[in-house]
Each structure stands twice: as structure tokens, then as C-alpha cells.
Amino acid sequence: MQDGLTALALTDEQIDFDIEARMQKQEEDVRAASDPRIARTAADEPKSAVAVGDSWFDYPFANDLGIGQTDVIAQLDLMYEHKKPILRLAHYGDATTDMMTPKKQERLIKALKNKNLWLNGHPNAIFCSAGGNDVAGNQFRDYLNYNSGIPASEGLQLEVFNELLVRVKANYETLFELRDMYAPGVRVIGHSYDFPTPDGRPVDFFGLKIGPWLKPSLDLKKWNPADGKAIVVDALIRFRRMLEELESNRKNKFQLVKTQGTLVDRDYTRDWKNELHPTSSGFKVMAKKFDVAWRRPVSLEDAPVVS
């Protein structure tokens, strides 16, 4: 979801260098995983994937610094013992508009066309974590009504928020179109995040605090914590319904991992690191859901084609 990690922002050159390093590592991992001496079972078939999106797939520095496998892709890599390589093109802080800039589209196209990056000549899935940055960052205040005695159910400015969802949906559809051109038939596997509590906890990197995002917006518009939680839940449910609409159209070849309601409030401090990101254990729970989705695809052919 939205990071607002401007203090940790990298230059374009640094990002390009990092992505090139990831691609080289992916080629090495694919060669290692292709070793015919590796014993495999039916459930351990050769697979590889690419991941695009935000910090739920690319939590900055945490994995490199050894403070926890703090994102879904890192947890999947551990789960697969590095035998099912996942190329991480995600970048923390990316909204869907960032994910689908011309430069990042070109980067994804380059990866999809490079057969050396994939165990079967193409990825077996495209993992996508996108939309959280659009919905629940510093700009969240722009989607809120002032609390002038209205109920929390009217906390969202629906006209503005629905316009946002239209833009997010269009960016997902751009990803599907790109997939159809360069990796036809490959599933896109996405998710709808979970319901955080806007308690004001920031990202904390050794004393460098970034955020929070939700609570300041709700405080500005005079919403108390309980009502604020209800408004955040409302926004994310509306976001999920938009994704479900995309999933219902089988031509999209889009599978939605059911993540909302996974991390329950009674385990909040165990499962949530801050307002918007789970802990390592929370991400591990989420990764298990992605693993099931990758191994057991929904029957996309059974869904209706929506014109």
C-alpha cells in the first residue's frame, strides 16, 4: 500500500541499476532451478513468475538488512526454497499510475520477452499488488467528508472516490492488455490488501520515521478512531468490489486472492508493523494465500465474458 517513503526515494538511475541486478539474479536462479538433477514431485513443478506493484511486494531495505522477510514475494521465495524464481519488478511507493508509466511498461515488456528469465520460456503468473497507494496514502484526506455530525457510512466523498476507482481500474486493464500482447494466456494474480487500523504508527527504520498516512487524514477531517476504521474498511471494500468486477470477466484472466479479513484486530500488534504494512509473520500468512492461488487456479473459463 501507499508508503510515502520520499525520504528513502531512489534516483531513476539507482532503480534501473537495481532492476538490472534483479534480472541477472533471476537468470541465475532460473538456471539453477532448471538443473535436471533437482528431484521434483507433481506439486513441485517448475514455475517462475514476475511481480509488479508496490511495497506489499517490495518492502524497502527490510530484507537486505536482515530485519525480516517483510513482503509477500520474499516470503514466497522462502517458501519455495528459491526453486520457483519470482522476478521482482515491484517498487515501494508505486501507485497504479506509476506502475503503468511508459518506462515501467517497457521494463515489463523487456522482461516478458526475455526467455532466459523464465523456467518455461514465459512466466507462469504475473503477481500484481496495486491500488493501495492510490487509495490509502496521504491523499486519503481528499476522499473524505468533514465530520459535521454525519455517520461514518457517509465519510467517503463517493463521487471523488469513485473517480479514483475508475482510474485504478483503467490501469489494471492496461496491464491486462500488455499481458495479452507479450505473455498471452498468463494469469494476473492480484489482491485487495486487508483492513488496517489508522492508529498513527509510521514506518520506522532504525529511528527514521516515515508516515503515518491514514490517521492524519482522518484527524484533519475530525473523525474519531472508531469511525475512521469504519471509513477505511468501507474504502477498501469498494476497492475490492472493483477488482471482483475485473475478475468476473474471464477475458481478463485475472485471479483475485481473498486477503481482506485475514489479519484480525485481536492480533493487530503481531500481524501489523504499522498503519499499512503487515509484520513478517503477517506477510507470511498472506504469502500462503498467494501460494494456494498459484497452485490452484480458479476456473477462469467458467466466468462470463463481460462486454
Expected output: side-chain Gln260 to main-chain Ser192 donor-acceptor under 3.5 Å
yes
With distance as the sole test, does Gln157 use its side chain to make a donor-acceptor pair with the main-chain N or O of Leu144 at under 3.5 Å?
yes
Would you tabulate the side-chain donor-acceptor contacts of residues 175-183 under 3.5 Å, counting partners in other chains and residues two or more places apart, or write 'none'?
unit_1: Arg179; atom_1: NH1; unit_2: Val186; atom_2: O; d: 2.8
unit_1: Arg179; atom_1: NH1; unit_2: Asn252; atom_2: O; d: 3.2
unit_1: Arg179; atom_1: NH2; unit_2: Asn252; atom_2: O; d: 2.6

Atom pair CG (Asp98) and CG (Asp54), whose distance is rounded to the nearest 0.5 Å
10.0 Å
Determine the minimum heavy-atom distance between Ser280 and Thr70, stating which atoms define it.
OG-OG1, 3.3 Å
Hydrophobic clusters here meaning ILVMFWY residues chained together by side-chain heavy-atom distances under 4.5 Å, can you tell me if Leu158 and Ile237 are in one?
yes
If you look at every heavy atom in Asn133 and Ala95, which pair is closest and at what distance?
ND2-N, 3.2 Å
Do you know the tightest heavy-atom contact between Cys128 and Val188?
CB-CG1, 4.0 Å
Would you check if Asp234 and Leu156 make a side-chain contact, meaning some heavy-atom pair closer than 4.5 Å?
yes
A side-chain contact here means heavy atoms from C-beta on lying under 4.5 Å apart; do Met286 and Asp194 qualify?
yes
As an exercise, state the distance from CD of Gln75 to OG of Ser281, rounded to the nearest 0.5 Å.
8.5 Å
How close do Met242 and Val168 get, counting heavy atoms only, and between which atoms?
CE-CG1, 3.7 Å
Could Lys229 and Asp199 be called an ion pair, given the rule that one side-chain N must be under 4.0 Å from one carboxylate O?
no
Going hydrophobic residue to hydrophobic residue with side-chain gaps under 4.5 angstrom, can you get from Ile109 over to Phe127?
yes
Any donor-acceptor N/O pair, Asp58 side chain to Tyr92 backbone, under 3.5 Å
yes
Are Trp56 and Tyr193 close enough that their ring centres sit under 6.0 Å apart?
yes
Phe195 vs Val232, side chain to side chain contact (heavy atoms under 4.5 Å, CB included): CA-CA, chis, key distance, verdict:
CA-CA 7 Å; Phe195 302 131; Val232 170; 6.0 Å; no
When you compare the side chains of Thr96 and Asp134, does any donor N or O come within less than 3.5 Å of an acceptor on the partner?
yes
May I have the step-by-step check of side chain to side chain contact (heavy atoms under 4.5 Å, CB included) for Leu164 and Phe239, ending in yes or no?
CA-CA 10 Å; Leu164 164 72; Phe239 168 69; over 6 Å; no
Pair His277-Ser55, side-chain donor/acceptor within less than 3.5 Å:
yes
Can you establish whether the number of heavy atoms outside Lys258 located under 6.0 Å from its atom NZ is more than 12?
yes
May I ask you to test the Tyr172-Leu243 pair for a side-chain heavy-atom distance under 4.5 Å?
yes
For the rings on Phe57 and Phe290, is their centre-to-centre separation under 6.0 Å?
yes
On a heavy-atom basis, which atom in Trp272 and which in Leu263 lie closest, and how many Å separate them?
NE1-CB, 3.5 Å
State whether a side-chain donor-acceptor pair under 3.5 Å links His82 with Asp29.
no
Please examine the side chains of Pro198 and Leu218, heavy atoms only from C-beta on, and report whether any two atoms are closer than 4.5 Å.
yes
Check Ser217 against Arg141 and note the closest heavy-atom contact, atom names and distance.
OG-N, 3.2 Å
Within 45° cone of Tyr80 ring axis and under 6.0 Å: Lys84 NZ or CZ:
yes
Between Ser34 and Leu119, is there a side-chain heavy-atom distance shorter than 4.5 Å?
yes
Suppose we call two aromatic rings close when their centres sit under 6.0 Å apart. Are Tyr146 and Trp223 close by that rule?
no
Under the criterion salt bridge (charged side-chain N to carboxylate O under 4.0 Å, His left out), which of Arg295, Lys289, Lys288 is the partner of Asp291?
Arg295
Measure from the side-chain N and O atoms of Asn120 to the backbone N and O of Pro46, and report whether any donor-acceptor pair falls under 3.5 Å.
yes
Pairs satisfying salt bridge (Lys or Arg N to Asp or Glu O under 4.0 Å), at least one member in residues 102-121, at least two apart
Asp16-Lys103, Asp16-Arg107, Glu20-Lys110, Asp94-Lys104
Thr97 side chain near Arg167 side chain, heavy-atom distance below 4.5 Å
no
Give a yes or no answer on whether the side chain of Glu275 reaches the backbone of Arg201 with a donor-acceptor pair at less than 3.5 Å.
no
Leu112 vs Leu108 side-chain heavy atoms within contact, under 4.5 Å
yes
Side-chain donor/acceptor of Asn249 to backbone N/O of Glu245, under 3.5 Å
no
For atom NZ of Lys221, is the number of surrounding heavy atoms from other residues, nucleotides or ligands below 6.0 Å larger than 12?
yes
Is the backbone N or O of Asn116 less than 3.5 Å from a side-chain atom of Glu27, with the two atoms forming a donor-acceptor pair by type?
no
What distance separates Ile189 CD1 from Lys253 NZ, expressed to the nearest 0.5 Å?
14.0 Å
Test side chain to side chain contact (heavy atoms under 4.5 Å, CB included) on Arg238 and Val135; report intermediate values, then the result.
CA-CA 10 Å; Arg238 292 175 186 274; Val135 172; over 6 Å; no
Hey, are the side chains of Ser48 and Ile86 touching, using non-hydrogen atoms and a 4.5 Å cut-off?
no
With the threshold set at 4.0 Å, does a side-chain nitrogen-carboxylate oxygen contact exist between Glu244 and Arg240?
yes
So, using side chain to side chain contact (heavy atoms under 4.5 Å, CB included) as the criterion, who are the partners of Pro151 when residues are at least two apart?
Ser153, Glu154
With rounding to the nearest 0.5 Å, note down the distance linking OH in Tyr143 to CD in Glu163.
10.0 Å
Can you list the steps and then say if Ile19 with Leu89 is a side chain to side chain contact (heavy atoms under 4.5 Å, CB included)?
CA-CA 7 Å; Ile19 295 297; Leu89 297 184; 3.7 Å; yes
Using modelled atom types and a 3.5 Å cut-off, is there a donor and acceptor pairing between side-chain atoms of Thr174 and backbone atoms of Ala170?
yes
So, does Arg187 use its side chain to make a donor-acceptor pair with the main chain of Phe254 at under 3.5 Å?
no
Pair Asp71 + Lys284, salt bridge at N-O below 4.0 Å
no
Does Glu247 reach the main-chain N or O of Leu256 with its side chain, forming a donor-acceptor pair under 3.5 Å?
yes
